[in-house]
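Let me begin by presenting the structure, written as structure tokens, before commenting on it.
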Amino acid sequence: MKLAEALMEIGAIQINTAEFFTWTSGIESPIYCDNRLTISYPSVRKEICRQFAARIKELPGEVDVIAGCATAGIPHAAWLSEELGLPMVYVRGSKKKHGKENLIEGEITAGQRVVVIEDLISTGGSAVQAAAALKDTGAHVKEVLSIFTYELPQSADVFREADLSYSSLLTYSELIDTLNLNEENKRVLENWRSSMKEKKGK
Ligand SMILES: O=P(O)(O)OC[C@H]1O[C@H](OP(=O)(O)OP(=O)(O)O)[C@H](O)[C@@H]1O
Ligand SMILES: O=C(O)c1cc(=O)[nH]c(=O)[nH]1
């Protein structure tokens with residue numbers, strides 16, 4: 001199964017050139033990728049799990065724990081940890097304000113080798129923040145894996161600065177090659193991409 005086609009088929013990819021989507025970072029974008037929809041499609045989520053598992057098997061050395069990023073990364077981390085027979089934790093976007101006031105739920109100990117599962121990388125801020133929380137426990141973050149990446153220059157910068165290795169099952173370039181864009185959508189997306197590139201380094 002091709003992931004780009006599967007995401008398009010389930011309606012996870014939306015383009016709206018008239019009214020842009022606001023991302024978590026505040027970036028305004030004519031395209032939105034709603035990976036949360038994949039949880040409603042067993043064949044799609046199983047394919048994501050299979051591809052994540054294959055990526056993990058290619059990594060050198062062992063992995064001790066799978067960590068999901070709240071919230072959209074959590075279900076995929078759960079299915080993947082089940083597939084691999086590994087423990088799982090998840091990292092909240094911010095510390096819980098009551099109860100045990102945890103940022104990380106589940107057990108993680110210093111020295112454990114962790115793979116972080118995120119659904120999507122835009123600026124990379126959420127994934128890097130989750131990885132930092134895991135590193136603070138003394139764990140070793142081996143890799144950040146996501147379903148999709150916009151391949152924004154900003155994300156390459158934040159991962160480099162955080163000294164984190166990362167990869168995605170599907171990239172923006174691959175998705176755009178698969179989408180059958182009309183001329184208007186193509187023009188707006190290209191202009192938006194160029195404006196995002198200009199933001200690099202500012
Ligand atoms: O790379 P970034 O710029 O950080 O953006 C990507 C993040 O944004 C989305 O999460 P959102 O904040 O919408 O929350 P959710 O996962 O709880 O739906 C997405 O699921 C990633 O976690
Ligand atoms: O950056 C985001 O917030 C974001 C972008 C996107 O395409 N999809 C999504 O769920 N979040």
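In each ligand, atom 1 is the first atom listed, and ligand 1 is the first ligand listed. In this text, all values refer to a predicted model and were calculated from it rather than measured experimentally.
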_For Ser122, the ligand 2 atoms whose distance to one of its heavy atoms is below 4.0 Å_ = 1 (O), 2 (C), 4 (C), 5 (C)
*Hey, is Arg187 close enough to Glu190 for a salt bridge, meaning N to O under 4.0 Å?*
no
*According to the interplanar angle, ranging from 0 to 90°, do the rings of Tyr172 and Tyr150 count as parallel (below 30°), tilted (30 to 60°) or perpendicular (above 60°)?*
tilted
_Structural part of Cys33 in contact with ligand 2, heavy atom criterion under 4.0 angstrom_ = both
*Closer than 4.0 angstrom: is that true for some heavy atom of Phe148 and an atom of ligand 2?*
no
*asked:* Quick check on the hydrophobic clustering: are Ile31 and Leu7 connected, directly or via other members, by side-chain heavy-atom contacts under 4.5 Å?
replied: yes
*Which protein heavy atom lies closest to atom 7 (O) of ligand 2, and at what distance to 0.1 Å?*
Tyr150 OH, 2.5 Å
_Hydrophobic cluster identity match, Val144 and Leu84, side-chain contacts under 4.5 Å_ = no
*Please check if the side chain of Asp34 supplies one atom and the backbone of Ala12 the other of a donor-acceptor pair under 3.5 Å.*
no
*Distance-only, no hydrogens or angles: does the Gln112 side chain make a donor-acceptor pair with backbone N or O of Thr109 under 3.5 Å?*
yes
*Counting distance only, does the side-chain N/O of Lys96 pair as donor-acceptor with the main-chain N or O of Glu105 below 3.5 Å?*
no
*Would you kindly confirm whether Tyr90 and Ile56 end up in one hydrophobic cluster when ILVMFWY residues are joined by side chain heavy atoms under 4.5 Å apart?*
no
_Quick check on Leu120 - does any of its heavy atoms sit under 4.0 Å from an atom of ligand 2?_
yes
*Could you tell me whether some N/O pair between Tyr32 and ligand 2 is separated by less than 3.5 angstrom?*
yes
*Is the backbone N or O of Glu151 less than 3.5 Å from a side-chain atom of Ser155, with the two atoms forming a donor-acceptor pair by type?*
no
*Taking only heavy atoms of Arg36 into account, list the atoms of ligand 2 that are under 4.0 Å away from them.*
9 (C), 10 (O)
*For atom 3 (O) of ligand 2, what is the nearest protein heavy atom, given as residue, atom name and distance?*
Thr24 N, 2.8 Å
*Answer yes or no: does atom CG of Asp163 have more than 12 heavy-atom neighbours from other residues, nucleotides or ligands under 6.0 Å?*
no
*Sub-4.0 Å heavy-atom environment of ligand 1, residues by chain*: Thr24, Arg36, Ala70, Thr71, Ala72, Glu118, Asp119, Leu120, Ile121, Ser122, Thr123, Gly124, Gly125, Ser126
